[in-house]
Asker: 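One structure follows; several queries about it will come next.
Treat the numbers as computed from the prediction; the structure is a model and nothing was measured. Quick note on labels: first sequence line is chain A, next is B, and so on, each numbered from 1. The figures that follow rest on heavy atoms only: side chains count, while hydrogens, waters and symmetry mates do not.
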Amino acid sequence: DAGITQSPRYKITETGRQVTLMCHQTWSHSYMFWYRQDLGHGLRLIYYSAAADITDKGEVPDGYVVSRSKTENFPLTLESATRSQTSVYFCASSESGGGSTSSTDTQYFGPGTRLTVL
Amino acid sequence: SQQGEEDPQALSIQEGENATMNCSYKTSINNLQWYRQNSGRGLVHLILIRSNEREKHSGRLRVTLDTSKKSSSLLITASRAADTASYFCAYWTGGYQKVTFGTGTKLQVIP
């Protein structure tokens, strides 16, 4: 099916464990993003990628690692999970990166992964 | 923080009434977008307004943009129970290829 998917949808892990959240899109969009959503903070950008092998930090990158070896995949890894990383994580993609007035800046979101770190 | 501010934080109205929510931002922008999020779901794009536009319509939605005041508003006319959701503005902080989301307005439409 075309679209953007995330896996797993729910994950419970323990402090100190490594966790990888997967994101896959079928549109061949150049840009992909990871956000976390917490009560009182709205959505905050963790990392983004402008193309395969090009990634950059967002507002809250500490404790997270990303890679993008293929255009369609953008995994997010928590190297050593902490309780403060308990959150809902959203992946998104877009054709372009916001440098113009183009409508191709529209972001398409996945359904989210609810992560609990005990 | 560059995070945009939205107000009100929460809004409760009767079905059929209009709902207005506002977004203020801090930087120059190329465009501003509005998204809806139903409980437990991802965000869905509603409408994009370019920096050289002042008003835009899409169905029951009307968006305005005032770049001199760095603010935007989203009006939902003739609201329905199905409009119950959180609404977020989002904008690119021009040149940095990073998008910033507002804090959101939680709208409840009472049947």
Asker: Please indicate whether B:E15 has more than 12 foreign heavy atoms, meaning atoms of other residues, nucleotides or ligands, lying under 6.0 Å from its CD.
Answerer: yes

Asker: Can you name the closest pair of heavy atoms from A:Q107 and B:Y35 and give their distance?
Answerer: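 What the structure gives for the nearest pair is N-OH, 2.9 Å.
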
Asker: Check each atom of B:E6 against the heavy atoms of chain A and say whether the ones under 4.5 Å are side chain, backbone, both or neither.
Answerer: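 Interface part for B:E6: neither.
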
Asker: For B:R60, I'd like to know if atom CZ has over 12 heavy atoms of other residues, nucleotides or ligands within 6.0 Å.
Answerer: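 Yes.
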
Asker: CD of B:Q9: more than 12 outside heavy atoms within 6.0 angstrom?
Answerer: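 It does not: B:Q9 CD has 12 such atoms or fewer within range.
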
Asker: For the atom pair OG1 (A:T106) and CD1 (B:I47), what is the distance rounded to the nearest 0.5 Å?
Answerer: 10.5 Å

Asker: Under 6.0 Å from the CZ atom of B:R54, do we count more than 12 heavy atoms belonging to anything else shown?
Answerer: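 For B:R54, atom CZ is crowded (more than 12 foreign heavy atoms under 6.0 Å).
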
Asker: Taking ring pair (Phe, Tyr, Trp, His ring centres under 6.0 Å) as the criterion, tell me which of A:F33, A:Y35, A:F90 meets it with B:F101.
Answerer: A:Y35

Asker: Check whether more than 12 heavy atoms from other residues, nucleotides or ligands sit under 6.0 Å from atom CG of A:L118, and answer yes or no.
Answerer: yes

Asker: Name the region of A:Q6, side chain, backbone, both or neither, that has any atom closer than 4.5 Å to a heavy atom of chain B.
Answerer: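 Interface part for A:Q6: neither.
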
